[in-house]
Enquirer: 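Got a structure here, written out as structure tokens. Questions coming.
Each chain gets a letter, A, B and so on, in the order its sequence line appears, and its residues count up from 1.
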Amino acid sequence: MQASRPPGRFVRLEGGHVDELMALRAAKAQELRDAGIDPYPLRTARTHTAAEIAALVDGLAEGEAEVKGIDADVAGRVVAKRDMGKATFIDLQDGSGRVQVLLRQNALADYDTLRLIDLGDFIGVHGVPMRTRTGQATVAATSWAMLTKALHAPPEKFHGLSDAETRQRRRYLDLMANEETRRVFTIRSRVVAAIRRFLDARGFLEVETPILQESESGAAARPFYTHFNALDEDRVLRISLELHLKRLVIGGFERVYEIGRNFRNEGMSFKHNPEFTMIETYEAYTDYLGVAEMVEQMVSSVAEDVLGTTKITFRDMEIDLKAPWRRVTFLDAMKEYGGPDLDVFTTADALRDELRKRGVDAPTTAGYGKLCDEAMSHYVEPNLVQPTFLLDYPVELSPLAKRKPGNDRLVERFECFMAGFECGNAYTELNDPIEQRARFEQQLALKEAGDDEVELVDEDFLFALEHGMPPTGGFGMGIDRLIMLLTGQPSIREVILFPPLKSLKE
RNA sequence: GGGCCUGUAGCUCAGCGGUAGAGCAGUGGACUUUUAAUCCAUUGGUCGAGAGUUCGAAUCUCUCCGGGCCUACCA
């Protein structure tokens, strides 16, 4: 297998095997040194990017072949080399795109040295922007310089790099070879920046809270464990941002958000990665409906900002992110999509029996909340293709959310869905410390009944809450999933630069 | 975790019981407007690893190691 071979760090590998291609390139680097040329010079001057050269040449009048009076320095990676004998064309790739350079024997004193240029090297070229007979923007070189000698060949120039493992394990090769990969991660960066602009403009403060925590909180998930040497205490990596951000609202920061990595020691799938990026926002003096308005505004305006449209395609689904989004209650949606009527099946046993009758998986250890969630995932979730807020969840499923007035069984909570999966979650935050304690204790009871994915009692948080948290709307969203949607990537691993892989055996 | 598929040259892939192949990259040669440059010649492989079946295994079987897709659970 290609990717399990350790990259040739040394020309001579174990067993006396020589990486000949690498040895050849190393010899060319040495040849440059012998000629007094540093194959890794400290710096270079660049005056124009590839895109700027293209624009200059585009601006040429009809019949003009050269951009007169311009001396350009371009620099980039050699991605194609066409040796015509006494003239050589090289395509350079830089951050803005590609530019062709033309090196001719009668224009260069060191034309012979071009044989020391390989695909993958970085070179700089000084010359005049011009247009070839076929109209191609080109820099006609009057001199050139080696900027970085590469010791390995880049991926195949036409078919590129497609092996999924190599693409993930050596993302630099993927970025070199695949424009689509560059596009996805450029969009990712711009989306996160646009989210920050959106929230900053609304008066939110961006904060950072601990990743190493005493115990997991804010969600129900298995954590990663580690040890804090200086304190000689065990720690867990956080599974959510929630409880620390609420402490800040208690402290008086009325609008806070954090964009950060969460860690859940659970399975991987097209929409799950053990470390993933969440955004959570907390806003005092609003509720879950206020949050819903903010979320649909945020996502649609970010899409408009970054993509120039709110219409996206994901796994052949045409989705329009334009606000407002559909709102439907959990119970109504369940009825609408043929699930059990939760006004009828109001206990765990009744609901479990009904689900089993319908052939839906209903574990004996699951409480009422889990079973509702199970039923929703089965009947409702796959049908929510256009952005939808699912409102008012069963209380058992949501220990941190405030009850709905007039209905003790429900809480003010929404999850938002699109393309058939969940991508956000919000509550009117529970701020009654006595009830919060009771809800934690109910979770404990579920744990004793065999459900190992429950919220733990957090005494330190309860103590904070006892000091008073104003009415607050909170929200969380998986950034990776949002990026999947906005870039049309069907797998979370395609939107994570370095997704986890098994280590290579020596 | 379960099912299906997959691993062959640096890269992209063919070969599927009978002496390891092609294109690109590399090397040598021709060519001063090419752009997947072209043309001639040529180097390069523990066919993921191990065991087995066989006169003979890249090919069949088993085990292991990697990877992908579908599927079940946490966002």
Enquirer: Quick check: any donor-acceptor pair below 3.5 Å linking the side-chain of A:R133 to the base of B:U33?
Expert: no
Enquirer: Heavy-atom contacts under 4.0 Å between residues 54-64 of chain A and RNA chain B, which residues?
Expert: none
Enquirer: If I take atom CZ in residue A:F421 and atom C1' in nucleotide B:A72, what distance separates them, rounded to the nearest angstrom?
Expert: 17 Å
Enquirer: For A:R235, what residues pass the salt bridge (charged side-chain N to carboxylate O under 4.0 Å, His left out) criterion, not counting sequence neighbours?
Expert: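 Testing A:R235 for salt bridge (charged side-chain N to carboxylate O under 4.0 Å, His left out), a comparison that skips the adjacent residues, returns A:E233.
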Enquirer: Using whole Å, what does the distance between atom P of nucleotide B:C65 and atom CD of A:E165 come to?
Expert: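 My rounded result for the distance is 14 Å.
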Enquirer: Could you check whether A:M176 gets within reach of a base, just the sugar-phosphate, or nothing at all, counting any heavy atom under 4.0 Å?
Expert: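 Result for A:M176 = nothing.
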Enquirer: Whole Å only: how far is the CZ atom of A:R170 from the P atom of B:C11?
Expert: 7 Å
Enquirer: Taking only the side-chain heavy atoms of A:L501 (C-beta and beyond), determine which of B:U32, B:G67, B:A72 contains the nearest atom.
Expert: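 That would be B:G67.
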Enquirer: Provide the distance between the two P atoms, one in B:G52 and one in B:A57, to the nearest whole Å.
Expert: 12 Å
Enquirer: Restricting to side chain to side chain donor-acceptor pair (under 3.5 Å), what partner residues turn up for A:Q489, sequence neighbours left out?
Expert: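 For A:Q489, the residues satisfying side chain to side chain donor-acceptor pair (under 3.5 Å) (neighbours in sequence not counted) are A:E180.
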Enquirer: Rounded off to whole Å, could you give me the CG-to-P distance for the A:L114 and B:G26 pair?
Expert: 14 Å
Enquirer: Classify the nucleic acid contact of A:R493 as base, sugar-phosphate or nothing, counting any heavy atom under 4.0 Å across all strands shown.
Expert: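 Contact class for A:R493: sugar-phosphate only.
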Enquirer: Tell me, please, which residues at least two apart from A:T138 pass side chain to side chain donor-acceptor pair (under 3.5 Å).
Expert: A:Q100
Enquirer: Sort out for me which residue in A:L486, A:T487, A:L497, A:I479 forms a side chain to side chain contact (heavy atoms under 4.5 Å, CB included) with A:R188.
Expert: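 For A:R188, the side chain to side chain contact (heavy atoms under 4.5 Å, CB included) test succeeds with only one of A:L486, A:T487, A:L497, A:I479, which is A:I479.
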Enquirer: Could you give the CG-to-P distance, from A:L103 to B:C31, as a whole number of Å?
Expert: 18 Å
Enquirer: Which nucleotide in the list B:U12, B:U34, B:C69 gets nearest to the side chain of A:L161?
Expert: B:U12
Enquirer: Suppose we screen for salt bridge (charged side-chain N to carboxylate O under 4.0 Å, His left out). Which residues come up paired with A:R413, at least two apart in sequence or across chains?
Expert: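 Checked A:R413 against salt bridge (charged side-chain N to carboxylate O under 4.0 Å, His left out); matches are A:E415.
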Enquirer: Using the side-chain hydrogen bond (donor to acceptor under 3.5 Å, both in side chains) rule, take A:D110 and A:T113 through it: C-alpha gap first, then chi angles, then the decisive distance, then the call.
Expert: CA-CA 6 Å; A:D110 57 351; A:T113 319; 4.7 Å; no
Enquirer: Quick one: does A:E381's side chain have a donor or acceptor within less than 3.5 Å of a partner on A:H378's backbone?
Expert: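 No, the answer is negative, given that no donor and acceptor are paired below the 3.5 Å cut-off.
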Enquirer: Whole angstroms only, please: what is the CZ-C1' distance between A:R169 and B:G66?
Expert: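 Distance check: A:R169 CZ to B:G66 C1' gives 8 Å.
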Enquirer: I'd like the C1' distance from B:G56 over to B:U43, given in whole Å.
Expert: 29 Å
Enquirer: Checking A:T281 now: which residues fulfil side chain to side chain donor-acceptor pair (under 3.5 Å) with it, not counting sequence neighbours?
Expert: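 Residues passing side chain to side chain donor-acceptor pair (under 3.5 Å) with A:T281: none at all.
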Enquirer: With a 4.0 Å limit, can you tell me whether A:R167 has a side-chain N or O closer than that to the phosphate oxygens OP1/OP2 of B:G68?
Expert: no
Enquirer: Is there a Watson-Crick or G-U wobble partner for B:U33 with both distances under 3.5 Å, and which nucleotide is it?
Expert: none
Enquirer: Checking all strands, does A:N265 fall into the base, sugar-phosphate, or nothing category for heavy-atom contacts under 4.0 angstrom?
Expert: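 No contact.
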Enquirer: When the ring planes of A:F475 and A:F414 are compared, do they come out parallel, tilted or perpendicular, using 30° and 60° as the limits?
Expert: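 Ring orientation of A:F475 relative to A:F414: tilted.
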Enquirer: Reckon A:N106 touches a base, only the sugar-phosphate, or nothing at all at heavy-atom distances under 4.0 Å?
Expert: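 The residue A:N106 makes base contact.
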Enquirer: Can you check the distance between B:G2 and B:A58, where both ends of the measurement are the C1' atom (answer in whole Å)?
Expert: 30 Å
Enquirer: For B:C13, give its Watson-Crick or G-U wobble partner with both distances under 3.5 Å, or none.
Expert: B:G21
Enquirer: Going by ring pair (Phe, Tyr, Trp, His ring centres under 6.0 Å), name the residues that satisfy it together with A:Y393, two or more places apart in sequence or in a different chain.
Expert: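 Listed in chain order: A:F330.
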Enquirer: Relative to the 5' end of RNA chain B, which residue comes earlier, A:L119 or A:C423, by the nucleotide with the nearest heavy atom?
Expert: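 Its nucleotide being nearer the 5' end, the pick is A:L119.
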Enquirer: Ignoring backbone atoms, establish whether A:K502 has a side-chain N or O less than 4.0 Å from OP1 or OP2 of B:G68.
Expert: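 A:K502 to B:G68 OP1/OP2: no side-chain N or O under 4.0 Å.
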Enquirer: Give me the distance, rounded to whole Å, that separates B:U61 from B:U54 when you measure between the C1' atoms they each carry.
Expert: 12 Å
Enquirer: Strictly by side chain to side chain donor-acceptor pair (under 3.5 Å), give each pair with a member in residues 55-68 of chain A just once, sequence neighbours left out.
Expert: none
Enquirer: Regarding A:K28, tell me which of base, sugar-phosphate or nothing describes its non-hydrogen contacts under 4.0 Å with the strands shown.
Expert: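 Sugar-phosphate, no base atom in range.
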Enquirer: If you check the A:L21 side chain, which of B:U12, B:U33, B:G10 turns out closest?
Expert: B:G10
Enquirer: Taking atom CG as the centre, does A:D316 end up with more than 12 heavy-atom neighbours from other residues, nucleotides or ligands that are less than 6.0 angstrom away?
Expert: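 Atom CG in A:D316 is not packed in, count stays at 12 or less.
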Enquirer: For B:U27 and B:U63, measure between their P atoms and round to the nearest Å.
Expert: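 About 45 Å, rounded to a whole number of Å.
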Enquirer: Under 3.5 Å between N/O atoms: give me all the protein pairs with nucleotides 22-24 of chain B, atom names plus distance.
Expert:
unit_1, atom_1, unit_2, atom_2, d
B:G23, N2, A:E156, OE2, 3.3

Enquirer: Counting only distance, no hydrogens or angles, is the base of B:U34 paired donor-acceptor with the side chain of A:Q100 under 3.5 Å?
Expert: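 Check passes, donor-acceptor contact within cut-off.
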Enquirer: Describe the nucleic acid contact of A:G160 in one word from base, sugar-phosphate, nothing, applying a heavy-atom distance below 4.0 Å.
Expert: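 Touches sugar-phosphate only.
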Enquirer: Would you kindly give the CD1-to-P distance between A:I90 and B:U32, to the nearest whole Å?
Expert: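 Going from A:I90 (CD1) to B:U32 (P), I get 17 Å.
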Enquirer: Output the rounded distance in Å from CZ (A:R82) to C1' (B:A30).
Expert: 18 Å
Enquirer: Rounding to an integer number of angstrom, what distance separates B:G44 and B:G10 when you compare their P atoms?
Expert: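 Comparing P positions in B:G44 and B:G10 gives a spacing of 12 Å.
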Enquirer: Step by step, work out the ring pair (Phe, Tyr, Trp, His ring centres under 6.0 Å) result for A:Y225 and A:F263.
Expert: CA-CA 10 Å; A:Y225 295 97; A:F263 305 85; over 10 Å; no
Enquirer: Scan every strand shown for a Watson-Crick or G-U wobble partner of B:C64, both distances under 3.5 Å, and answer none if you come up empty.
Expert: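 Partner of B:C64: B:G48.
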Enquirer: Under 4.0 angstrom, heavy atoms only, what part of the nucleic acid is A:G85 near: base, sugar-phosphate, or nothing?
Expert: base
Enquirer: Tell me every residue that passes salt bridge (charged side-chain N to carboxylate O under 4.0 Å, His left out) with A:R315, counting only those two or more places apart in sequence or in another chain.
Expert: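 Not a single residue meets the salt bridge (charged side-chain N to carboxylate O under 4.0 Å, His left out) criterion with A:R315.
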Enquirer: Please tell me if A:R315 has a side-chain N or O lying less than 4.0 Å from either OP1 or OP2 of B:C70.
Expert: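 For A:R315, the contact criterion (side-chain N or O under 4.0 Å from OP1 or OP2 of B:C70) is met.
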Enquirer: Classify the nucleic acid contact of A:E275 as base, sugar-phosphate or nothing, counting any heavy atom under 4.0 Å across all strands shown.
Expert: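 Nothing, no nucleic acid heavy atom in range.
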Enquirer: Pairs under 3.5 angstrom, nitrogen or oxygen only, protein versus nucleotides 3-5 of chain B, please.
Expert:
none

Enquirer: How far does the C1' atom of B:A14 sit from the matching atom of B:A20, given to the nearest Å?
Expert: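 Pairwise C1' distance, B:A14 against B:A20, rounds to 12 Å.
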Enquirer: In whole Å, measure the gap between the C1' atoms of B:C47 and B:G15 for me.
Expert: 10 Å
Enquirer: Residues in salt bridge (charged side-chain N to carboxylate O under 4.0 Å, His left out) with A:R167, at least two apart?
Expert: A:D174, A:E494
Enquirer: Has the side chain of A:S162 got a donor or acceptor atom sitting under 3.5 Å from an opposite partner on the base of B:U12?
Expert: no
Enquirer: Looking at every strand, decide which applies to A:D480 at a 4.0 Å heavy-atom threshold: base, sugar-phosphate, or nothing.
Expert: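 Nothing: the residue A:D480, judged by heavy atoms under 4.0 Å, touches no strand.
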